[in-house]
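Remarks on the structure that follows.
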Protein chains: 2
Amino acid sequence: MRTVPISAGDLTARARIVASALERFAAHGYEAATMRDIAAHAGVSTALVTHHFGTKQALREECDARVVRFIAEKQDAPGTPSDVLGEVLGTFGPYLARMLGDGGAASDALFERLLEVARATIADGSASGWLRPARDPEAQAAALVMLGVAPFLMLGPLTTWAGGDSEAALQRIAAPLAELYTHGLATDDRLLAAAGLATEEAR
Amino acid sequence: MRTVPISAGDLTARARIVASALERFAAHGYEAATMRDIAAHAGVSTALVTHHFGTKQALREECDARVVRFIAEKQDAPGTPSDVLGEVLGTFGPYLARMLGDGGAASDALFERLLEVARATIADGSASGWLRPARDPEAQAAALVMLGVAPFLMLGPLTTWAGGDSEAALQRIAAPLAELYTHGLATDDRLLAAAGLATEEAR
DNA sequence: ATCGGGACTGTACGCATGTACAGTATTCTG
DNA sequence: CAGAATACTGTACATGCGTACAGTCCCGAT
């Protein structure tokens with residue numbers, strides 16, 4: 001257990017590389033982020049990155065593992081496990097958004113982890129009664145993940161929309177989403193009908 | 001006005017290039033799509049692409065203009081202008097998702113167009129009464145665009161989740177979204193409170 | 001003290017990309 | 001039916017990418 005405060009300069013070069021990779025992958029995506037850029041932002045040479053991780057793909061796997069470990073810690077933490085998804089997205093939102101948007105096997109694995117978190121949230125909410133259960137709980141979990149990640153996927157346009165401040169964009173977009181989560185959007189069942197769902201459901 | 005049915009083979013090479021670019025940009029994103037790939041799928045040489053459009057960026061602008069024109073036609077069309085956003089996304093959903101996700105000035109311009117569509121939808125829904133208005137209509141419009149684009153942004157993981165069929169993924173994810181739009185998700189006001197919104201609102 | 005291994009770097013190679021250029025075929029125009 | 005403009009192609013070039021390699025520095029174990 002670490003007892004002294006640490007700063008970026010005190011970190012191992014290896015740790016600085018991972019942190020830099022997480023940031024550059026989050027900012028530009030996996031393909032667009034370059035090994036040279038990652039190395040430069042970590043203050044090391046490009047060769048050291050390959051020395052520690054071998055390939056760019058392996059570096060990404062290390063980043064993914066770091067995120068997965070963070071999720072597992074949040075899941076296993078005592079106290080309030082209510083908004084694990086929110087905490088995870090608050091820390092790794094941009095990174096997860098980029099990786100899930102790129103697709104591929106690694107992306108699918110991360111999505112599966114987030115699905116587990118969402119399933120737990122739904123189970124908890126259904127048991128406690130504060131969450132309205134859906135006909136298809138698995139699809140509801142996928143929708144929950146999608147809705148959580150969506151603001152980060154569109155952070156670029158949303159930031160411009162909000163005047164250049166990404167934090168302000170996330171906060172402003174959160175308000176109508178909270179209203180949506182609470183009341184819905186439509187006043188009748190036309191959307192359910194359009195989705196091919198029967199309308200004789202119980203309120 | 002064209003009166004005879006047209007097939008892909010009958011199209012001008014220029015039109016085939018634009019169609020190919022729209023498809024490759026949608027499938028792989030702007031950066032990852034290559035001029036050689038676009039040319040090959042259009043059945044022409046790479047040099048012809050540069051001959052017609054000059055640069056890759058100019059080709060993208062042509063694609064964007066095509067989409068913008070499509071949106072304008074849908075907006076100006078008579079009859080039911082109720083779900084213009086849905087029709088636009090049904091045709092150019094993957095393309096718009098990739099372009100909006102990449103960010104940049106062109107992305108912001110497309111987002112602004114979609115915002116206008118969403119504003120019109122909200123105005124119509126508020127007037128007709130089927131849509132529950134939000135405290136911040138502009139943010140509601142942005143949220144509407146975001147929620148519409150989100151499934152396409154995550155089409156990769158969602159497709160794997162649904163067993164490899166992207167159409168099935170979109171359909172299955174639409175069900176809980178329709179429920180969300182109709183009833184909301186929470187049974188109390190805790191999410192509104194968490195978003196910093198006062199709870200003394202009228203239902 | 002030394003010596004062996006890991007941290008670390010500079011350089012270079014092969015490859016894919018966007019683009020420029022010269023040249024040929026085709027189509028329109030007078 | 002010439003001639004000019006346009007459609008179209010093959011090739012080549014500069015650039016940036018991921019990665020491999022040889023070599024230097026430094027620190028801990030014997």
Side-chain angles (χ1 to χ4, degrees), chain A residues 6-66 95 98-99 102-107, chain B residues 2 6-64 66 95 98-99 102-107:
Chain A
I6 56 177
S7 67
D10 295 334
L11 288 175
T12 306
R14 195 176 198 276
R16 264 183 294 129
I17 291 171
V18 175
S20 173
L22 279 167
E23 193 233 327
R24 304 316 281 178
F25 286 156
H28 305 319
Y30 174 74
E31 297 285 348
T34 71
M35 296 287 266
R36 286 168 174 82
D37 198 30
I38 292 170
H41 276 76
V44 299
S45 69
T46 311
L48 187 63
V49 180
T50 70
H51 170 71
H52 277 302
F53 300 97
T55 69
K56 188 184 182 184
Q57 182 58 36
L59 175 58
R60 183 216 168 118
E61 286 165 14
E62 176 68 32
C63 291
D64 284 358
R66 199 68 64 102
Y95 178 81
R98 287 284 191 180
M99 294 301 142
D102 284 353
S107 165
Chain B
R2 187 174 291 275
I6 56 176
S7 69
D10 294 334
L11 288 175
T12 306
R14 195 175 198 278
R16 265 184 292 130
I17 291 171
V18 174
S20 173
L22 279 167
E23 192 233 328
R24 304 316 282 177
F25 285 157
H28 305 320
Y30 174 73
E31 296 285 349
T34 71
M35 296 287 265
R36 284 168 176 79
D37 200 29
I38 292 170
H41 276 77
V44 299
S45 69
T46 312
L48 187 62
V49 180
T50 70
H51 170 70
H52 278 302
F53 301 98
T55 69
K56 189 183 182 185
Q57 181 59 37
L59 176 57
R60 182 217 168 117
E61 285 165 15
E62 176 67 31
C63 292
D64 285 358
R66 200 68 63 104
Y95 178 81
R98 287 284 191 181
M99 294 301 143
D102 284 352
S107 165

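Numbered from 1 within each chain, the chains take letters A, B, ... in sequence-line order.
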So does A/D102 pair up with A/R98, basic N to acidic O under 4.0 Å? no

Is there a side-chain contact between A/H52 and the phosphate of C/dC8, meaning an N or O under 4.0 Å from OP1 or OP2? yes

Could you tell me if B/K56 sits above the aromatic ring of B/F25, with its cationic atom closer than 6.0 Å to the ring centre and no more than 45 degrees from the axis? no

Locate the shortest heavy-atom distance separating A/I38 from A/I17; write the atom from each residue and the value. CG2-O, 4.1 Å

Rounded distance in Å - CZ (B/R60) to P (C/dG18): 14 Å

When you match A/L48 and B/G54 each to their closest nucleotide on DNA chain C, which lands nearer the 5' end? A/L48

Taking atom P of C/dT19 as reference, at what distance in whole Å does atom CD of B/Q57 sit? 9 Å

Nearest whole Å is fine: how far is C/dT17 C1' from B/Y30 OH? 12 Å

Would you mind classifying the nucleic acid contact of A/T55 as base, sugar-phosphate or nothing, using non-hydrogen atoms under 4.0 angstrom? sugar-phosphate

Residue closer to the 5' end of DNA chain D, B/V49 versus A/T34 (nearest nucleotide): B/V49

Atom CE of B/M35 to atom C1' of D/dG10: distance rounded to whole Å? 16 Å

Closest non-hydrogen atoms of A/R16 and A/L11, given as atom of the first, atom of the second and distance, are NE-O, 3.5 Å

Between D/dG10, D/dT19, C/dT9, which one does the side chain of A/T50 approach most closely? D/dT19

Rounded interatomic separation in angstrom, taking CZ from A/R24 and C1' from D/dC17: 16 Å

Does D/dC8 have its OP1 or OP2 closer than 4.0 Å to a side-chain nitrogen or oxygen of B/H51? no

A/E61 side chain reached by A/F53 side chain, heavy atoms, under 4.5 Å: no

Under 4.0 Å, counting only non-hydrogen atoms across every strand here, what does B/A33 touch: a base, just sugar-phosphate, or nothing? sugar-phosphate

Find the distance A/D37:CG to D/dT15:P and express it as a whole number of Å. 20 Å

Return the value, rounded to whole Å, for the distance between atom NZ of B/K56 and atom P of D/dT15. 19 Å

For C/dG18, does the base pair up with any side-chain atom of B/R36 as donor and acceptor (N or O, under 3.5 Å, distance only)? yes

Take atom CD1 of B/I17 and atom P of D/dC8, then tell me their distance rounded to the nearest Å. 7 Å

